Amino acid sequence: MSVLIAIPARYASTRYPGKPLVPLTGAKGASMTLIERSWRAARSVSGVDRVVVATDDERIRDVSEGFGAEVVMTSETCQNGTERCAEAHEVLGGGYDIIVNLQGDAPLTPHWFVEDLVSGLRTAPDAGVATPVLRCDGSALNSLLNDRKHGRVGGTTAVFGRDHSAMYFSKEVVPFTSQTYAGDEATPVFHHVGVYAYRPDALAAYPGWPAGPLEQLEGLEQLRFMENGRKVLCVEVEARGRQFWELNNPQDVPKIEEMMAAMGLE
């Protein structure tokens, strides 16, 4: 099955304008933009036929082509990364069996997250979409709770059933738990990893559906699939000692740089 990775990137982010071009310094002092680090993460995934950056911004295009990425220009009317991936797949002529949306704000995404995701979708013919979830330890859960306490929209959490079909995604921390957890202790909360794998029919249908009330309230694109009766498969992935966090706010830059330093990521 042929696999395309598309990295949607826009300059006009509401929470963090210019985010794809923000520099991040690695463990040995090398500074690279967020979009380049996300592209390098995509390139490290095995079993992928093509990696492209999908953007509507010439600044992002120029920087991306400068470090060697293939760029697909998409329209400014795309409302989110899923719509941008759908348009990019169409511009490329279609033909891929699985399209992966590796969002351009997750440079710490390990290659096995994406590999396990693609494998999970391949073995679930009734699912049109799959996305990874990572069980939070006490430290990660406290980071999520701290963001909400201070009014920041940080990571997204996921709730799913026994068959791993998604029940809900939220920028609030769900499910609620009154228990406290040690830093390395497993919790019942799952952090949603900002990556999606789509079958082409589900991806092509997506832009034709209007955004529903849940998507509009939460600002989470994957809820549109659920609001239109499409199964979203949650694929549990393992950290294997790696730390994970997305760049959602300016305050996340030093946090991610600290994680890269601790993990020795250049």
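As a basis for the values below, the full set of heavy atoms in this structure was taken, side chains included, without hydrogen atoms, waters or symmetry mates. For the single chain, residues carry numbers from 1 onward in sequence order. Only a predicted model underlies this, so the values are computations on that prediction, with no experimental measurement involved.
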[X] atom [atom1], neighbour heavy-atom count above 12 within 6.0 Å:
| X | atom1 | value |
| --- | --- | --- |
| Met167 | CE | no |
| Glu236 | CD | yes |
| Glu227 | CD | yes |
| Glu58 | CD | no |
| Arg43 | CZ | no |

Tell me, do [X] and [Y] make a side-chain contact under 4.5 Å, heavy atoms counted?
| X | Y | answer |
| --- | --- | --- |
| Phe67 | Ile35 | yes |
| Gln222 | Val129 | no |
| Ile5 | Trp39 | no |
| Val232 | Phe169 | yes |
| Glu70 | Val51 | no |
| Thr177 | Thr187 | no |
| Tyr198 | Asn101 | yes |
| Val189 | Val174 | no |

### Arg148 and Leu145: CA distance, side-chain angles, deciding distance, side-chain contact (heavy atoms from CB on, under 4.5 Å) verdict
CA-CA 5 Å; Arg148 299 306 298 126; Leu145 292 170; 5.9 Å; no
Taking all non-hydrogen atoms of both residues into account, name the closest pair between [X] and [Y] and its distance.
| X | Y | answer |
| --- | --- | --- |
| Asp97 | Pro200 | O-CD, 3.1 Å |
| Ala86 | Pro207 | CB-CG, 3.8 Å |
| Ala27 | Ala261 | CB-CA, 3.9 Å |
| Ala106 | Ser38 | N-OG, 4.1 Å |
| Ala197 | Ile98 | CB-CG2, 4.0 Å |
| His192 | Ala158 | CB-CB, 4.4 Å |

### Query
Knowing that exactly one of Arg10, Arg61, Arg84 qualifies, which makes a salt bridge (charged side-chain N to carboxylate O under 4.0 Å, His left out) with Asp56?
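With Asp56 as partner, salt bridge (charged side-chain N to carboxylate O under 4.0 Å, His left out) holds for just one option, Arg84.
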### Query
What's the verdict on side-chain contact (heavy atoms from CB on, under 4.5 Å) for Leu92 and Val72, showing C-alpha distance, side-chain angles and the deciding distance?
CA-CA 8 Å; Leu92 291 171; Val72 176; 3.8 Å; yes
### Message
Less than 6.0 angstrom from the centroid, inside 45 degrees of the normal: does Arg50 satisfy that with respect to the ring of Tyr96?
### Response
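Relative to the ring axis of Tyr96, which defines the angle, Arg50 lies outside at least one limit.
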### Query
Should the ring pair Phe113 and Phe244 be called parallel, tilted or perpendicular, given that the plane angle runs from 0 to 90° and is split at 30 and 60?
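Because their plane-to-plane angle lies in the 30° to 60° range, the rings of Phe113 and Phe244 count as tilted.
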### Task
Evaluate the ring planes of Tyr206 and Phe225, with Trp represented by its six-membered ring, and classify them as parallel (under 30°), tilted (30 to 60°) or perpendicular (over 60°).
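Judged by the thresholds at 30° and 60°, the geometry between Tyr206 and Phe225 is tilted.
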Taking [Y]'s backbone N and O only, do any of them form a donor-acceptor pair with [X]'s side chain (distance below 3.5 Å, no angle check)?
| X | Y | result |
| --- | --- | --- |
| Ser165 | Gly161 | no |
| Glu266 | Lys28 | no |
| Glu87 | Ser75 | yes |
| Asp252 | Asn249 | yes |
| Arg40 | Ser44 | no |
| Ser119 | Glu115 | no |
| His191 | Cys136 | no |
| Asn80 | Glu83 | yes |
| Arg224 | Trp209 | yes |
| Thr74 | Thr55 | yes |

With clusters defined by side-chain heavy atoms of hydrophobic residues (ILVMFWY) lying less than 4.5 Å apart, directly or transitively, does [Y] cluster with [X]?
| X | Y | value |
| --- | --- | --- |
| Phe190 | Val193 | no |
| Leu134 | Val118 | yes |
| Leu121 | Val45 | yes |
| Val235 | Val195 | yes |
| Val63 | Leu102 | yes |

#### Entry: side-chain contact (heavy atoms from CB on, under 4.5 Å) between Val22 and Tyr16, worked out
CA-CA 10 Å; Val22 169; Tyr16 198 169; 3.4 Å; yes
### Query
Are Asp49 and Ser2 linked by a side-chain donor-acceptor pair shorter than 3.5 Å?
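No, Ser2 and Asp49 have no side-chain donor paired with an acceptor closer than 3.5 Å.
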Sort out for me which residue in [options] forms a side chain to side chain contact (heavy atoms under 4.5 Å, CB included) with [X].
| X | options | value |
| --- | --- | --- |
| Thr156 | Glu218, Glu172, Glu246, Lys171 | Lys171 |
| Leu265 | Gln243, Glu257, Arg242 | Arg242 |
| Leu141 | Asn146, Val173, Thr180, Thr157 | Val173 |

Between [atom1] of [X] and [atom2] of [Y], what distance do you get to the nearest 0.5 Å?
| X | Y | atom1 | atom2 | answer |
| --- | --- | --- | --- | --- |
| Glu215 | Leu220 | CD | CG | 8.5 Å |
| Cys78 | Glu221 | SG | CD | 11.0 Å |
| Leu24 | Met259 | CG | CE | 12.5 Å |
| Thr33 | Lys19 | OG1 | NZ | 13.5 Å |
| Asp116 | Glu238 | CG | CD | 8.0 Å |
| Leu4 | Cys85 | CG | SG | 8.0 Å |

### Message
Before you tell me yes or no, could you show the steps for Met263 and Leu108 under side-chain contact (heavy atoms from CB on, under 4.5 Å), namely the whole-Å CA-CA distance, both residues' side-chain angles and the distance that decides it to 0.1 Å?
### Response
CA-CA 10 Å; Met263 293 183 288; Leu108 299 182; 4.3 Å; yes
### Charged N-O contact under 4.0 Å between Asp201 and Arg199
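Salt bridge: no.
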